[in-house]
Amino acid sequence: MDLNTQSLEILKLISDTSESLCTNKLLFPKENGDRNTAERILVGLMTCLVAVMGDNTKLAYNILPEYLESLKDIASDQDYKKCSDEIMSYYEKFRDIGARVQFASANWEEVMNEEFTDYIIASMKAEASNEGHEAVLDVVRNLVDISKSYTQSEVTIIKRVTHKKTIIALTAALVLLLTVIGSGFIYTYNLKRRTEMLSASVNKLQDQNSELISTVSSQEEVIASLNGQIDDLNDKNLALDDEITEFSSYIEEHEADIQVAEHIETYDTAGEEGSGRFYADNYVVTTSGDDVTIKVTMDFYGTCNLQGDNKRISASWDDHFTDNGTIVVTFTPVKKGATTFHFFNDQNSDTFDVLVIYM
């Protein structure tokens, strides 16, 4: 299934879900909810879910332009800009909630679903009853499950039993990567809109040209002038097509950079470093294709676990621990991008995160 077909499939799901929510009497006992608000909230939600739970940023970044495309004939430029800004605001809110709760507990996905539900109810100004909450929660769970179907990527969990003793933690080095996407959605949509307007002008001029040829054969200069305008407009149309193709290629080429930038932003705001009893010797690791390693130390008996948020980087434990309770963890790059690994244990609440970047 191609990118546009997948985007339209998601927009159909959003439309049907919005209709269901706005007509649910548990949420709106007196009057139906605002359909436009519901759609914009769900566009922001699905953009976040497809990017994070589905690990498919290319598809995620195509949802908003396709949604705006559907509004081109009924929305003014001012309404379009307001709609775009609102959707991006919802997307950023869902993204921030997901980043904050991801490492809060082993059951982070359900915590995320609950907070998404509360935010949707508040944003739609719906009744916050227990029954209404459960209805929206079921919708959120369904959308999360559907978003996972748009990728092959899955969460990886690896477990290992630890040994003993302690070692002093080394200072972590933070790698900064700045990738600027700018107003990509708006830029792409405006290019499409300008192209359509120019194409419409070309068609109109061609109709005028045909009419003049059939009715006033003597007006050759007028016809030549119109043909010249048609050629100019065609040249502009071709130039805009090239711009659209170039921008699309840029997004595809820099998909890994975008994914890395989002991971760095999340790690910078929510990443945790180890304690004096449970820690690693490095919390940010980079590679250009070779295996990289860190040392993990824990000074008490118990079970040590690590969890990666995607499968771009794989991880494996060494065969045994040293006498001072240190073990080597090896990271193997699979696909360019970044993976955040969350380390935790079954003895206390000490946790830490390791960001691995493959560029």
Are the side chain of [X] and the backbone of [Y] linked by a donor-acceptor contact shorter than 3.5 Å?
{"X": "Thr47", "Y": "Val43", "answer": "yes"}
{"X": "Ser84", "Y": "Lys81", "answer": "no"}
{"X": "Tyr61", "Y": "Asn56", "answer": "no"}
{"X": "Ser149", "Y": "Asp145", "answer": "no"}
{"X": "Ser20", "Y": "Asp16", "answer": "no"}
{"X": "Asp281", "Y": "Lys295", "answer": "yes"}

So [Y] and [X], do their side chains get closer than 4.5 Å, heavy atoms only?
{"X": "Met46", "Y": "Leu49", "value": "yes"}
{"X": "Ile120", "Y": "Leu45", "value": "yes"}
{"X": "Phe300", "Y": "Asn348", "value": "yes"}
{"X": "Phe344", "Y": "Ser349", "value": "no"}
{"X": "Met298", "Y": "Asn345", "value": "yes"}
{"X": "Ile357", "Y": "Ile264", "value": "yes"}
{"X": "Arg100", "Y": "Glu115", "value": "yes"}
{"X": "Val354", "Y": "Thr340", "value": "no"}

Are [X] and [Y] close enough that a side-chain donor and a side-chain acceptor fall under 3.5 Å?
{"X": "Glu114", "Y": "His133", "answer": "yes"}
{"X": "Asp309", "Y": "His263", "answer": "yes"}
{"X": "Tyr150", "Y": "Glu9", "answer": "yes"}
{"X": "Thr330", "Y": "Thr293", "answer": "no"}
{"X": "Asp350", "Y": "Ser275", "answer": "yes"}
{"X": "Asn227", "Y": "Asn209", "answer": "yes"}
{"X": "Gln259", "Y": "Thr57", "answer": "no"}
{"X": "Thr332", "Y": "Asp291", "answer": "yes"}

Subject >> Exceeds 12 heavy-atom contacts within 6.0 angstrom, atom NZ of Lys125 >> reply: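 No.
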ILVMFWY cluster, [X] and [Y] together (side-chain gap under 4.5 Å):
{"X": "Leu26", "Y": "Met124", "result": "no"}
{"X": "Phe28", "Y": "Leu137", "result": "no"}
{"X": "Phe352", "Y": "Val328", "result": "no"}
{"X": "Leu11", "Y": "Leu13", "result": "yes"}

What distance do [X] atom [atom1] and [Y] atom [atom2] have between them, rounded to the nearest 0.5 Å?
{"X": "Glu66", "Y": "Gln6", "atom1": "CD", "atom2": "CD", "answer": "11.5 Å"}
{"X": "Thr117", "Y": "Met112", "atom1": "OG1", "atom2": "CE", "answer": "9.5 Å"}
{"X": "Leu21", "Y": "Asn32", "atom1": "CG", "atom2": "CG", "answer": "11.5 Å"}
{"X": "Ser123", "Y": "Arg40", "atom1": "OG", "atom2": "CZ", "answer": "13.0 Å"}
{"X": "Leu226", "Y": "Ile230", "atom1": "CG", "atom2": "CD1", "answer": "6.5 Å"}
{"X": "Leu3", "Y": "Asn62", "atom1": "CG", "atom2": "CG", "answer": "4.0 Å"}

Original post:
Going through the checks in order, is the side-chain contact (heavy atoms from CB on, under 4.5 Å) test met by Val329 and Ser316?
Top reply: CA-CA 6 Å; Val329 177; Ser316 61; over 6 Å; no
Least distance between heavy atoms, [X] atom then [Y] atom:
{"X": "Asn324", "Y": "Thr326", "value": "OD1-OG1, 3.2 Å"}
{"X": "Cys83", "Y": "Leu71", "value": "SG-CD1, 3.9 Å"}
{"X": "Tyr283", "Y": "Glu272", "value": "CD2-O, 4.5 Å"}
{"X": "Asp346", "Y": "Thr303", "value": "OD1-N, 2.8 Å"}
{"X": "Lys336", "Y": "Ala256", "value": "O-CB, 3.7 Å"}
{"X": "Trp108", "Y": "Val101", "value": "CB-O, 3.2 Å"}

Which residues pass the side chain to side chain donor-acceptor pair (under 3.5 Å) test with [X], sequence neighbours left out?
{"X": "Thr339", "value": "Asn310"}
{"X": "Asp2", "value": "Thr5"}
{"X": "Tyr67", "value": "Glu39"}

**OP:** Check the angle between the aromatic planes of Tyr119 and Phe94 and answer parallel, tilted or perpendicular using the 30° and 60° thresholds.
**Re:**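 Correct class here is perpendicular.
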If the threshold is 4.0 Å, N to carboxylate O, is there a salt bridge linking [X] and [Y]?
{"X": "Asp232", "Y": "Lys236", "value": "no"}
{"X": "Glu211", "Y": "Lys204", "value": "no"}
{"X": "Asp138", "Y": "Arg141", "value": "yes"}
{"X": "Lys148", "Y": "Glu109", "value": "yes"}

**OP:** Verify salt bridge (Lys or Arg N to Asp or Glu O under 4.0 Å) between Glu86 and Lys93, making sure each step is shown before the conclusion.
**Re:** CA-CA 11 Å; Glu86 286 180 357; Lys93 181 64 176 179; over 6 Å; no
Original post:
So Arg35 and Ser15, side-chain hydrogen bond (donor to acceptor under 3.5 Å, both in side chains) or not? Walk me through it.
Top reply: CA-CA 9 Å; Arg35 175 74 176 273; Ser15 177; 2.7 Å; yes
**OP:** Assess whether side-chain contact (heavy atoms from CB on, under 4.5 Å) is satisfied between Thr297 and Phe278, documenting all intermediate values.
**Re:** CA-CA 6 Å; Thr297 301; Phe278 182 45; over 6 Å; no
**OP:** Would you check if the distance from the ring center of Phe331 to the ring center of Phe341 is below 6.0 Å?
**Re:**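 So the answer is yes for these two rings.
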**OP:** Carefully, step by step, assess Asp55 and Lys311 under the rule salt bridge (Lys or Arg N to Asp or Glu O under 4.0 Å).
**Re:** CA-CA 9 Å; Asp55 193 29; Lys311 298 184 74 173; over 6 Å; no
Original post:
Can Glu265 and Arg95 be said to form a side-chain contact (heavy atoms from CB on, under 4.5 Å), step by step?
Top reply: CA-CA 11 Å; Glu265 179 182 3; Arg95 181 199 61 191; 3.5 Å; yes
